Structures are given as structure tokens and as C-alpha cells.
Amino acid sequence: MENYFEIGRTITQDQVDNFCKCVNDWNPIHREDYVTPIVPGMLTASLILENPESMWRVAKMEHVFCAPVYTGKECIYKYTVLHNRSTRKKYQIIVEQNSIVCLRATGLFVKKE
């Protein structure tokens, strides 16, 4: 069992627009006409849950936002398994863009029944 993996993701302006519409976030920093559109933090964080191990669901998640994520530029989601038991896993997740840490998270995932 591998204890570390990475996933590259590029968050598009369309994804940001759809997310903002769903959550009624009209902050102009997320709009395409902003100088450098910023991805909403909760959209960045929600993509952590697109963990490829679909037999797991999140039980607890703690986030620390460190720097903005910009639309149209690749982010690297780095997952490190801290604890691995038969019914639960604890991950440390780091989200980087251009080698800058944008988000640090710790997540407890439990096996779906």
C-alpha cells in the first residue's frame, strides 16, 4: 500500500462560476474580469474529497488556507497517509500551486458501509 500520492488539477473559470452561482458567492475576486481570478477556498478544499479511493467517506476535515489558488493554473494535491487502519485512514493533504503551499488539511476518512 502506497503512503503518498499526488493528483494534478486545474480549476477552470467555468468551475469557479458554477460554484459561485451555487453558493451565491458574488465576490468580484472570483470573476473572470478580475485581474487574476481567485478560486474560492471552499472549492479548492472540496476537491480534496475527490479522493480516488471511493470506498471512503470524510468523517472530519481541518483546513488552513495559506495562499490563494488562481484559476487556469495547475494545482498539485499531495496526499500522505498518516494512519491506515481497516476502517479508517487519516491523511495530510497539501495543495500547491507554482510550488507555493495554498492549503494544508488533515482529513479522517472512514470506510463506507
Side-chain angles (χ1 to χ4, degrees):
M1 179 71 188
E2 192 171 325
N3 288 327
Y4 175 83
F5 60 94
E6 294 182 0
I7 300 173
R9 293 189 171 101
T10 301
I11 303 170
T12 67
Q13 187 63 48
D14 283 344
Q15 287 173 295
V16 170
D17 293 344
N18 288 334
F19 180 86
C20 288
K21 185 177 179 180
C22 287
V23 299
N24 289 320
D25 183 348
W26 307 114
N27 190 327
I29 66 172
H30 304 309
R31 292 174 35 146
E32 187 172 21
D33 57 356
Y34 191 71
V35 177
T36 50
I38 296 173
V39 176
M42 290 313 297
L43 175 55
T44 303
S46 71
L47 294 176
I48 289 171
L49 304 178
E50 290 189 0
N51 186 323
E53 298 185 69
S54 60
M55 70 176 107
W56 300 86
R57 63 182 169 88
V58 69
K60 181 179 180 181
M61 185 73 63
E62 296 177 3
H63 303 88
V64 176
F65 296 95
C66 307
V69 170
Y70 299 101
T71 60
K73 297 180 181 177
E74 185 178 43
C75 292
I76 305 298
Y77 284 68
K78 299 178 177 184
Y79 296 78
T80 303
V81 178
L82 300 176
H83 300 285
N84 186 0
R85 297 200 171 76
S86 61
T87 59
R88 65 181 189 264
K89 286 186 180 185
K90 186 175 184 180
Y91 286 96
Q92 175 185 24
I93 304 104
I94 305 290
V95 180
E96 293 182 353
Q97 193 174 60
N98 297 327
S99 299
I100 296 169
V101 174
C102 301
L103 172 65
R104 292 180 190 276
T106 304
L108 179 63
F109 291 79
V110 294
K111 195 167 244 181
K112 291 181 182 176
E113 295 181 15

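Sequential numbering from 1 along the given sequence is applied to the chain's residues. Every value quoted in this text rests on a predicted model; they were computed, and no experiment measured them.
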_I'd like to know if Leu108 and Leu47 are part of one continuous hydrophobic network [Ile/Leu/Val/Met/Phe/Trp/Tyr, side-chain heavy atoms within less than 4.5 Å]._
no

*May I have all residue pairs that pass salt bridge (Lys or Arg N to Asp or Glu O under 4.0 Å) and include part of residues 14-36, sequence neighbours excluded?*
Arg31-Asp33

*Geometric class of the Tyr91/Tyr79 ring pair [parallel <30°, tilted 30-60°, perpendicular >60°]*: perpendicular

*Closest approach of Val69 and Cys75, non-hydrogen atoms and distance?*
CG1-SG, 3.4 Å

*Atom OH in Tyr34, atom CD1 in Ile29: separation rounded to 0.5 Å?*
6.0 Å

*Are the side chain of His30 and the backbone N or O of Ile38 linked by a donor-acceptor pair below 3.5 Å?*
yes

Do any side-chain atoms of residues 92-107 form donor-acceptor pairs under 3.5 angstrom with protein atoms, and if so which ones, sequence neighbours left out?
{"from": "Glu96", "atom 1": "OE1", "to": "Lys78", "atom 2": "NZ", "distance (Å)": "3.0"}
{"from": "Glu96", "atom 1": "OE2", "to": "Lys78", "atom 2": "NZ", "distance (Å)": "3.4"}
{"from": "Gln97", "atom 1": "OE1", "to": "Tyr70", "atom 2": "N", "distance (Å)": "2.9"}
{"from": "Gln97", "atom 1": "NE2", "to": "Tyr70", "atom 2": "O", "distance (Å)": "3.0"}
{"from": "Gln97", "atom 1": "NE2", "to": "Lys73", "atom 2": "O", "distance (Å)": "2.9"}

_Are Leu49 and Phe109 packed together at the side-chain level, in the sense that at least one heavy-atom pair is separated by less than 4.5 angstrom?_
yes

_How close do Phe65 and Ala45 get, counting heavy atoms only, and between which atoms?_
CZ-CB, 4.3 Å

*Identify the heavy atoms of Met61 and Ile48 that sit nearest to each other, and give their distance.*
CE-CG2, 3.8 Å

*Output, in order, the C-alpha distance, side-chain angles, deciding distance and verdict of side chain to side chain contact (heavy atoms under 4.5 Å, CB included) for Lys60 and Glu62.*
CA-CA 7 Å; Lys60 181 179 180 181; Glu62 296 177 3; 3.2 Å; yes

*Find the distance between OG1 (Thr71) and CD (Gln13) and round it off to the nearest 0.5 Å.*
4.5 Å

*Hey, are the side chains of Val16 and Pro40 touching, using non-hydrogen atoms and a 4.5 Å cut-off?*
yes

*Under the 3.5 angstrom rule, does the side chain of Glu74 hit a backbone N or O of Ile11 as a donor-acceptor pair?*
no

_According to side-chain hydrogen bond (donor to acceptor under 3.5 Å, both in side chains), who are the partners of Thr10, at least two apart in sequence or on a separate chain?_
none

_Less than 4.5 Å apart, side chain to side chain, heavy atoms only: is that true for Trp56 and Lys111?_
yes

